[in-house]
A.B. asks: 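Questions regarding the structure given below will be posed in turn.
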Amino acid sequence: MQYMNYRESWQRGTADFPVEFHHITPQYPQYYMPLHWHVEYELIRVLEGCFQIILDGQSFETKAGTSILIPAGILQEGIPRDCIYQCIVFDINMLINNNDSCCQILRKVMDREVLLENIYATEKKQIHQTVWSIFDALGSKQQGYQMIVLGGLYQLFGHIFTQGHYQEAPTQTKGRHRKIRQLKTALEFMESNFNTALSLAEMASSVNMSAKYFCRFFKELTHRTPLDYLNYYRIERACYQMLTEHQSVTEIAFHTGFNDLSYFIKTFKKYKGVTPKEYLKI
């Protein structure tokens, strides 16, 4: 699960079964989940520790046993703390194959006519059991597991609607959606230029804002300053390159936008708690 582009757009699973499964531990190359979004839905279960999930600027603290459902197009960031978690990314279109009442409900979900709750604690027993059966089936991949997964997804949405874990989409959300679109544009610009000497003014101009207003706008939605997030993203890219490419620390520093090796090491330790060399030994 590589969140190297803010908008992910590759094939999930197979054409016949578009479901992608990931088991994430602290040793995983992309343990932290940088800001990104994709056109599929995502289901997360937290197995151990704490997991902070930020969805379109709203932050939620979750613990072991929690299930998280993220609709398509939502801007998301995940911050695990001593955490083991699993993710399923799936194309909701695979659940829609005719015009029956079931599919009409799902189309309302896809069209954002209704908004689903995102966080489900262990106390919501039916949802918890359904989510766990989906993940367990994907983890085992025993004969027929695909049917358990598809049935489980139908059952999950069924429980959400029968138990009222949704609301009609409010009409006063246009301003919020416009801000999210602007943020996505800024993030895509930062992703495309992270390895250059990117200035605050350049980031702000990508969405036609002044630097001062852009700082306030960006922090409101991400809880970080633009420069803080840019460095955070650069370090995430550096971690991935360190674990997957045969380059020296100096080469990686320069390839991820740092012109000074000592500053790279200092910034790396700020976000990771260890130096680059120590990180490679973990």
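The first residue in the sequence is number 1, and the count goes up from there. Predicted, not measured: the structure shown is a model, and the values here were computed from it.
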A.B. asks: Please check: side-chain N/O of S192 versus main-chain N/O of E188, any donor-acceptor pairing under 3.5 Å?
C.D. replies: yes
A.B. asks: When the ring planes of F51 and Y85 are compared, do they come out parallel, tilted or perpendicular, using 30° and 60° as the limits?
C.D. replies: tilted
A.B. asks: Below 30° counts as parallel, above 60° as perpendicular, anything between as tilted: where do the rings of F90 and Y41 land?
C.D. replies: tilted
A.B. asks: Mark yes when over 12 heavy atoms from residues, nucleotides or ligands other than K272 sit less than 6.0 Å from its NZ; otherwise mark no.
C.D. replies: yes
A.B. asks: Is a donor on one side and an acceptor on the other found under 3.5 Å between the side chain of E251 and the backbone of S248?
C.D. replies: yes
A.B. asks: Tell me if a side-chain donor or acceptor on Y154 pairs with a main-chain N or O of L95 at a distance below 3.5 Å.
C.D. replies: yes
A.B. asks: Is the shortest side-chain N to carboxylate O distance from R81 to E48 below 4.0 Å?
C.D. replies: no
A.B. asks: Does the side chain of E117 come under 3.5 Å of the side chain of Q167 through a donor N or O and an acceptor N or O?
C.D. replies: no
A.B. asks: Report whether L106 and I88 are members of the same hydrophobic cluster (ILVMFWY, side-chain heavy atoms less than 4.5 Å apart, transitive linking).
C.D. replies: yes
A.B. asks: For T250, which residues count as a side chain to side chain donor-acceptor pair (under 3.5 Å) partner, sequence neighbours excluded?
C.D. replies: none
A.B. asks: Report whether L69 and I105 are members of the same hydrophobic cluster (ILVMFWY, side-chain heavy atoms less than 4.5 Å apart, transitive linking).
C.D. replies: yes
A.B. asks: Short question: side chain of E245, backbone of M242 - any donor-acceptor pair under 3.5 Å?
C.D. replies: no
A.B. asks: Dump the intermediate steps for side-chain contact (heavy atoms from CB on, under 4.5 Å) on L198 and M203, then the final yes or no.
C.D. replies: CA-CA 7 Å; L198 196 58; M203 289 185 276; 3.8 Å; yes
A.B. asks: Can you list the residues that meet the salt bridge (Lys or Arg N to Asp or Glu O under 4.0 Å) rule with R45, with sequence neighbours excluded?
C.D. replies: D136
A.B. asks: Which residues satisfy the ring pair (Phe, Tyr, Trp, His ring centres under 6.0 Å) test with F264, sequence neighbours excluded?
C.D. replies: F258, F268
A.B. asks: Using a distance-only test with no angle check, is there a side-chain donor-acceptor pair under 3.5 angstrom linking S205 and E202?
C.D. replies: no
A.B. asks: Please identify each residue that fulfils salt bridge (Lys or Arg N to Asp or Glu O under 4.0 Å) with K270, with sequence neighbours left out.
C.D. replies: D228
A.B. asks: Partners of H128 by ring pair (Phe, Tyr, Trp, His ring centres under 6.0 Å), sequence neighbours excluded?
C.D. replies: W132
A.B. asks: Is the ring pair Y229/Y233 parallel, tilted or perpendicular, if the boundaries are 30 and 60 degrees?
C.D. replies: parallel
A.B. asks: Do the numbers put R224 on top of the ring of Y232, so that NZ or CZ is under 6.0 Å from the six-membered ring centre and no more than 45° off the axis?
C.D. replies: yes
A.B. asks: Side-chain donor-acceptor contacts of residues 142-149 below 3.5 Å, not counting sequence neighbours, with atom names and distances?
C.D. replies:
none

A.B. asks: Short question: side chain of H38, backbone of E40 - any donor-acceptor pair under 3.5 Å?
C.D. replies: yes
